[in-house]
Asks: 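After the structure tokens below, expect a handful of questions from me.
Counting from 1, the numbers follow the sequence of the chain as shown. Note that the coordinates shown come from a computational prediction; the quantities given were computed from them, not determined experimentally.
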Amino acid sequence: MQAAWLFGALVVPQLLGFGYGARGVEREWEGGWGGALEEEREREALMLKHLQEALGLPAVGVDENLAVTPEGKLAWETQEDQGEEEEEEATPTPSIIPSPSPTHEDTITYILGRLAGLDASLHQLHVRLHALDTRVVELTQGLRQLREAAGDTRDAVQVLQEAQGRAEREHGRLEGCLKGLRLGHKCFLLSRDFEVQAAAQSRCVARGGSLAQPADRQQMEALTRYLRAALAPYNWPVWLGVHDRRAEGLYLFENGQRVSFFAWHRSPSTEPGAQPSAAPHPLSPDQPNGGALENCVAQASDDGSWWDHDCQRRLYFVCEFPF
């Protein structure tokens with residue numbers, strides 16, 4: 001119903017305004033004749049009646065409720081606006097009710113609620129901490145077991161290495177006695193690898209022996225025959241286990257015992273009838289002649305004589321094994 005009145009309020013004034021404008025034009029043309037004005041009013045009334053029937057509005061007389069203002073507006077439209085304004089004035093404006101301030105009981109309740117939440121969170125933290133402590137204990141026990149297993153493995157590896165060393169030494173001893181020269185309770189084996197004196201001693205020890213240590217002339221002559229047969233027709237110096245590294249002129253075996261038998265090389269004697277020369281032979285001087293620069297002893301493979309050499313020279317070596 002309000003939509004119909006709104007539609008009428010918008011359309012009817014336009015129609016009436018149009019009619020008012022047309023009436024003004026007709027007055028100019030007709031010269032203000034009264035018959036034309038009356039006819040125009042009837043036309044407007046008929047148009048308003050048809051509009052009311054089309055909208056389903058109650059019939060209202062034009063003279064009583066409809067009046068045209070000089071601006072072309074209907075009088076009942078103005079009355080409707082005034083009625084709406086009166087209704088708006090009559091409608092009471094809701095007043096804003098202030099919220100009540102919290103009481104002490106509300107504050108205490110809120111604080112207790114917050115404390116309860118914190119207590120629940122703290123309980124969860126304690127539960128997680130207990131789980132972490134349990135996990136740490138398990139990991140610590142596992143780590144201790146791994147360390148014990150690693151220790152056992154290390155001990156087992158050490159035992160295996162010791163057994164391997166014993167097996168290698170036994171193998172070297174057997175090889176020395178089977179392939180080399182057996183003399184009493186000793187076996188000699190020549191190695192054709194070039195090594196410095198210290199490295200040669202290490203290799204002999206790893207195989208269960210040491211560098212050769214001829215203790216008397218019998219062992220010296222047997223070792224000479226063995227080296228001559230192995231290296232003939234060449235003459236190669238071969239490392240022995242004799243040195244004076246500790247003190248110049250104090251010759252010791254590798255086992256620390258003092259050497260009591262020597263076979264130093266001597267330059268050949270002069271021909272009969274010739275005058276002896278005070279100068280040594282340049283190719284075969286008397287040994288030892290190296291002083292502090294030559295502290296290790298090697299044996300010549302052709303005649304078995306001893307020569308002092310620099311310990312860093314790389315020579316063949318002969319190992320000695322117990323039998």
Asks: Would you give the length of the straight line joining atom NE2 of His243 to atom CG of Leu250, rounded to the nearest 0.5 angstrom?
Replies: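 It comes to 9.5 Å.
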Asks: Please confirm whether the backbone N or O of Ala215 pairs with a side-chain atom of Gln219, one donor and one acceptor, at under 3.5 Å?
Replies: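 Between the backbone of Ala215 and the side chain of Gln219 there is a qualifying donor-acceptor contact (under 3.5 Å).
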Asks: Supply the members, apart from Leu211, of the Ile/Leu/Val/Met/Phe/Trp/Tyr cluster built from side-chain contacts under 4.5 Å; use none for a lone residue.
Replies: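 Leu211 clusters with Trp239, Leu315, Phe317.
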Asks: Rounded at 0.5 Å granularity, tell me how far CG in Asp244 sits from SG in Cys296.
Replies: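 Here the rounded value is 8.0 Å.
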Asks: Can you name the salt bridge (charged side-chain N to carboxylate O under 4.0 Å, His left out) partners of Asp302, sequence neighbours left out?
Replies: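 Residues passing salt bridge (charged side-chain N to carboxylate O under 4.0 Å, His left out) with Asp302: none at all.
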Asks: Is it true that atom CZ of Arg228 has more than 12 heavy atoms of other residues, nucleotides or ligands lying nearer than 6.0 Å?
Replies: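 Yes, the 6.0 Å shell around CZ holds more than 12 heavy atoms from other groups.
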Asks: How many angstroms lie between CG in Leu227 and CG in Leu181, if you round to the nearest 0.5 Å?
Replies: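 Rounded to the nearest 0.5 Å, the CG-CG separation comes out at 9.0 Å.
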Asks: Could you identify which residues cluster with Val136, counting Ile, Leu, Val, Met, Phe, Trp and Tyr as linked when any side-chain heavy atoms lie under 4.5 Å apart, either directly or through a chain of such contacts?
Replies: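 Cluster partners of Val136: none, it stands alone.
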Asks: Evaluate side chain to side chain donor-acceptor pair (under 3.5 Å) for Gln201 paired with Ser210, printing each intermediate quantity in order.
Replies: CA-CA 6 Å; Gln201 170 65 12; Ser210 66; 4.9 Å; no
Asks: Working to the nearest 0.5 angstrom, can you tell me the gap between Asn295 CG and Glu248 CD?
Replies: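 Output value for this atom pair is 5.5 Å.
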Asks: Using the salt bridge (Lys or Arg N to Asp or Glu O under 4.0 Å) rule, pick out the option among Arg207, Arg182, Lys186 that qualifies with Glu320.
Replies: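 Exactly one candidate clears the test, Lys186.
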Asks: Which residues pass the salt bridge (charged side-chain N to carboxylate O under 4.0 Å, His left out) test with Arg144, not counting sequence neighbours?
Replies: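 Salt bridge (charged side-chain N to carboxylate O under 4.0 Å, His left out) list for Arg144, sorted by chain: empty.
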Asks: Does the side chain of Gln257 come within less than 4.5 Å of Leu252's, by heavy atoms?
Replies: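 A side-chain contact under 4.5 Å is absent here.
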Asks: Are there more than 12 heavy atoms of other residues, nucleotides or ligands under 6.0 Å from atom OH of Tyr234?
Replies: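 Open.
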Asks: Can you list everything that forms a salt bridge (charged side-chain N to carboxylate O under 4.0 Å, His left out) with Glu294? Sequence neighbours excluded, please.
Replies: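 If we apply the salt bridge (charged side-chain N to carboxylate O under 4.0 Å, His left out) test to Glu294, skipping adjacent residues, there are no hits.
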Asks: Only one of His171, Arg169, Glu175, Glu170 clears side-chain contact (heavy atoms from CB on, under 4.5 Å) with Arg173; which?
Replies: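 The side-chain contact (heavy atoms from CB on, under 4.5 Å) with Arg173 is passed solely by Glu170 among His171, Arg169, Glu175, Glu170.
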Asks: Run the salt bridge (charged side-chain N to carboxylate O under 4.0 Å, His left out) test against Arg245 and tell me which residues pass, sequence neighbours left out.
Replies: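 In terms of salt bridge (charged side-chain N to carboxylate O under 4.0 Å, His left out), with neighbours along the sequence ignored, Arg245 is linked to Glu254.
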Asks: Nearest heavy-atom pair of Asp308 and Pro288: which atoms, and what distance?
Replies: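 That closest heavy-atom pairing would be OD2-CB, 3.3 Å.
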Asks: Please list, chain by chain and in numerical order, all residues satisfying side-chain hydrogen bond (donor to acceptor under 3.5 Å, both in side chains) with Arg203, sequence neighbours excluded.
Replies: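 side-chain hydrogen bond (donor to acceptor under 3.5 Å, both in side chains) list for Arg203, sorted by chain: Asp193, Glu195.
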Asks: Does atom CZ (Phe262) have a neighbourhood of more than 12 heavy atoms from anything else shown, all under 6.0 Å?
Replies: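 Check passes, neighbour count above 12.
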Asks: For the hydrophobic clusters of this structure (ILVMFWY residues joined by side-chain heavy atoms under 4.5 Å, transitively), does one cluster hold both Trp307 and Val297?
Replies: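 No, Trp307 does not connect to Val297 through the hydrophobic network.
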Asks: What is the minimum heavy-atom distance between Leu231 and Ser301, and which atoms define it?
Replies: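 Leu231 and Ser301 have their closest heavy atoms at CD1-CB, 3.7 Å.
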Asks: Considering the options Gln161, Glu168, Arg166, which one meets the side-chain hydrogen bond (donor to acceptor under 3.5 Å, both in side chains) requirement together with Gln164?
Replies: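 Between Gln164 and the candidates, side-chain hydrogen bond (donor to acceptor under 3.5 Å, both in side chains) is satisfied uniquely by Glu168.
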Asks: Return the CZ to CG distance between Arg114 and Asp119, rounded to the nearest 0.5 Å.
Replies: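 That separation rounds to 13.0 Å.
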Asks: If two hydrophobic side chains count as joined below 4.5 Å and joins carry through other members, does Trp264 share a cluster with Leu223?
Replies: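 Cluster IDs for Trp264 and Leu223 match.
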Asks: Report the residues that fulfil side-chain contact (heavy atoms from CB on, under 4.5 Å) with Ile111, sequence neighbours left out, ordered by chain and then residue number.
Replies: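 Only Thr107, Leu115 meet the side-chain contact (heavy atoms from CB on, under 4.5 Å) criterion with Ile111.
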Asks: For Tyr316, which residues count as a ring-ring contact (aromatic ring centres under 6.0 Å, His included) partner, sequence neighbours excluded?
Replies: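 ring-ring contact (aromatic ring centres under 6.0 Å, His included) list for Tyr316, sorted by chain: Phe194, Trp236.
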Asks: Who pairs with Gln218 by side-chain hydrogen bond (donor to acceptor under 3.5 Å, both in side chains), at least two apart in sequence or on another chain?
Replies: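 Residues passing side-chain hydrogen bond (donor to acceptor under 3.5 Å, both in side chains) with Gln218: none at all.
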Asks: About how many Å separate CG of Leu174 and CZ of Phe321, when rounded to the nearest 0.5 Å?
Replies: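 Output value for this atom pair is 10.0 Å.
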Asks: Would you kindly say whether Thr103 and Asp106 are connected by a side-chain donor-acceptor distance under 3.5 Å?
Replies: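 Per modelled atom types, Thr103 and Asp106 side chains form a pair under 3.5 Å.
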Asks: Among all residues two or more places apart in sequence or in another chain, which pass the side-chain hydrogen bond (donor to acceptor under 3.5 Å, both in side chains) test with Arg313?
Replies: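 Checked Arg313 against side-chain hydrogen bond (donor to acceptor under 3.5 Å, both in side chains); matches are His309.
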Asks: Going by side-chain hydrogen bond (donor to acceptor under 3.5 Å, both in side chains), name the residues that satisfy it together with Glu138, two or more places apart in sequence or in a different chain.
Replies: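 If we apply the side-chain hydrogen bond (donor to acceptor under 3.5 Å, both in side chains) test to Glu138, skipping adjacent residues, the hits are Arg135.
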